[in-house]
Amino acid sequence: MAVVLVLFVSLTWQILADHGRLASGEEWWHASISAYFYSPVQSIFVSALVGIGVCLVAIKGRRGAEEVLLNFAGLLAVLVALVPTPLDATMCTAEPYCLDVPERVTNNVGTLLLVGGVVLALATWPRRRDLGGPAGWDLWLTWLAWAGTGTWLLAWPASFLTVAHYAAAVLLFACLVAVAWINGSDRVVTAQALERLRGMSAAAYRVWYRWIAVVMAAVLVVGLSAMVVLDRWFPGVFPQTLFVVEALMMLVFALFWTLQTIQFWDVGLPARARDEDVPVPGDLPL
């Protein structure tokens, strides 16, 4: 929450500063949050996304899909931070924030892939026997994503610079929608009868999480569709549609994470996110 708040305060500050500085008729509100990479917000924008990505990877999710989705969402958030949205000539006039973007992307993403490959190898080694069976599906998927990203960057760098930011952002939001839905579907969040949740009942939290997932999915689909329609047939009508979509998605997910914090303040983690030797009602015996 604090990281999202810092980002929105910085964005608001810059929008107000541009509105007061620029002459009438000039663009004082960029079309997307990502476009503020090419502004004084750049340091806050990059550090906020990297911080969010690290937190998503560090958070322990339920065994299986949620844990994988959180890890992928974290890595995608870092990729969104390191690969800026394609530069529009109107975004930078005599500003220092647009220099050497291709070189920076190659250096930053290349470093991330090299270090990530080492970390992934270390994480794979203790589970190397899983690679031969269905239990290793998450390892294979992660290695495939790592190899695909590296191949894309090396073989088609121009395409990577043009498309990677948008692809990573859409996949990031899709992962977050799925995480919210998983939380809204889990009926076993405590492992012991004496454990109690803060705030609301488990059933009430599930309703909130399902609605959050539905709202995020609707904002993503409707917002992006509206952006495409406006951009193609009504280019002069509200060019900040993507900004609103990104802002709403971040705010709704911040609400989700606030509820998660309150819900698991005392118990720490959902039952299925704890050590595998903890018996959970409904789990199949090994």
Original post:
Looking at V50 and A81, what are the two nearest heavy atoms and their distance?
Top reply: CG2-CB, 4.0 Å

**OP:** Determine the minimum heavy-atom distance between L242 and S32, stating which atoms define it.
**Re:** CD2-CB, 3.7 Å

**OP:** Answer with yes or no whether the side chains of S39 and H30 bring together a donor and an acceptor at under 3.5 Å.
**Re:** no

Original post:
Do NZ/NE/NH1/NH2 and the carboxylate oxygens of R127 and D138 come within less than 4.0 Å?
Top reply: yes

Original post:
What is the minimum heavy-atom distance between F45 and L7, and which atoms define it?
Top reply: CA-CD1, 3.9 Å

Original post:
Is there a donor-acceptor contact under 3.5 Å linking the side chains of E103 and N107?
Top reply: no

Original post:
Just wondering, do F72 and L69 contact through their side chains at under 4.5 Å, heavy atoms?
Top reply: no

Original post:
Can you check whether W125's main-chain N or O pairs, donor with acceptor, with R128's side chain at less than 3.5 Å?
Top reply: yes

Original post:
Counting only N and O atoms by type, is there a donor-acceptor contact under 3.5 Å from the side chain of Y36 to the main-chain atoms of Q14?
Top reply: no

Original post:
Would a 4.5 Å heavy-atom cut-off, applied to side chains only, mark W181 and I212 as touching?
Top reply: no

Subject >> Geometric class of the W29/F238 ring pair [parallel <30°, tilted 30-60°, perpendicular >60°] >> reply: perpendicular

Original post:
With distance as the sole test, does S10 use its side chain to make a donor-acceptor pair with the main-chain N or O of V6 at under 3.5 Å?
Top reply: no

Subject >> Heavy-atom side-chain proximity of M200 to W208 below 4.5 angstrom >> reply: yes

**OP:** Answer with yes or no whether the hydrophobic clustering places V170 together with V78; edges join I, L, V, M, F, W, Y residues whose side-chain heavy atoms lie under 4.5 Å apart.
**Re:** yes

Subject >> Residue W137 excluded, over 12 heavy atoms near CH2 under 6.0 Å >> reply: yes

Subject >> L144 CG to L139 CG distance, which is reported to the nearest 0.5 Å >> reply: 12.5 Å

Original post:
Can you get from V177 to I59 by hopping between Ile, Leu, Val, Met, Phe, Trp and Tyr side chains that sit under 4.5 Å apart?
Top reply: yes

Original post:
Strictly by modelled atom types, are R62 and N183 linked by a side-chain donor-acceptor pair under 3.5 Å?
Top reply: yes

Subject >> G223 versus T241, closest heavy-atom pair with distance >> reply: O-CG2, 3.8 Å

Subject >> Hydrophobic cluster identity match, L269 and W265, side-chain contacts under 4.5 Å >> reply: no

Original post:
Taking the side chain as C-beta and beyond, is there a heavy-atom pair between L154 and F160 under 4.5 Å?
Top reply: no

Original post:
Rounded to the nearest 0.5 Å, what separation is found between the CE atom of M249 and the CD1 atom of I33?
Top reply: 11.5 Å

Original post:
Is the closest side-chain donor-acceptor distance between W156 and T151 under 3.5 Å?
Top reply: no

Original post:
What do you reckon, is CH2 of W257 surrounded by more than 12 foreign heavy atoms closer than 6.0 Å?
Top reply: yes

Original post:
What do you reckon, are the aromatic ring centroids of W140 and W143 less than 6.0 Å apart?
Top reply: no

**OP:** Begin with the C-alpha distance, continue with both residues' side-chain angles, and end with the deciding distance and a verdict on side-chain contact (heavy atoms from CB on, under 4.5 Å) for T85 and F37.
**Re:** CA-CA 8 Å; T85 185; F37 178 92; 5.6 Å; no

Subject >> Close side-chain approach of R198 to D266, heavy-atom, < 4.5 Å >> reply: yes

Original post:
If you round to the nearest 0.5 Å, how far is CG of L112 from CG of L79?
Top reply: 7.0 Å

Original post:
L251 and F8: side-chain contact (heavy atoms from CB on, under 4.5 Å), yes or no, with the steps?
Top reply: CA-CA 10 Å; L251 290 172; F8 274 93; 4.1 Å; yes

Original post:
Atom CG of L120 and atom CG of L75: how far apart are they, to the nearest 0.5 Å?
Top reply: 9.5 Å

Original post:
Are F243 and I15 side-chain neighbours, meaning at least one heavy-atom pair lies under 4.5 Å?
Top reply: yes

Original post:
Does a side-chain heavy-atom distance below 4.5 Å link V219 with F173?
Top reply: no

Original post:
At what distance, to the nearest 0.5 angstrom, does CG of N71 lie from CD of E66?
Top reply: 10.5 Å

Original post:
At their closest point, which heavy atom of E246 faces which heavy atom of S34, and how far apart are they?
Top reply: OE2-OG, 3.0 Å

Subject >> W146 side chain to L113 backbone, donor-acceptor under 3.5 Å >> reply: yes

Subject >> CG on L76 to CG on L171, rounded to 0.5 Å >> reply: 5.5 Å

Original post:
Can F234 be reached from V222 by stepping across I, L, V, M, F, W or Y side chains whose heavy atoms are under 4.5 Å apart?
Top reply: no

Original post:
Would you say L176 and V68 are hydrophobically clustered, going by side-chain heavy atoms of ILVMFWY under 4.5 Å?
Top reply: no

Original post:
For L70 and V179, what are the C-alpha separation, side-chain angles and deciding distance, and is it a side-chain contact (heavy atoms from CB on, under 4.5 Å)?
Top reply: CA-CA 7 Å; L70 285 170; V179 167; 4.0 Å; yes

**OP:** Applying side-chain contact (heavy atoms from CB on, under 4.5 Å), run through W152 and V163 and close with a yes or a no.
**Re:** CA-CA 10 Å; W152 189 8; V163 179; 3.8 Å; yes

**OP:** Please report the shortest heavy-atom distance between E67 and G61, naming the atom on each side.
**Re:** OE1-N, 2.6 Å

**OP:** Go through the side-chain N and O atoms of Q260 and Y209 and say whether any donor and acceptor fall under 3.5 Å apart.
**Re:** yes

Subject >> Flag side-chain contact, heavy atom, 4.5 Å: V101 against P84 >> reply: yes

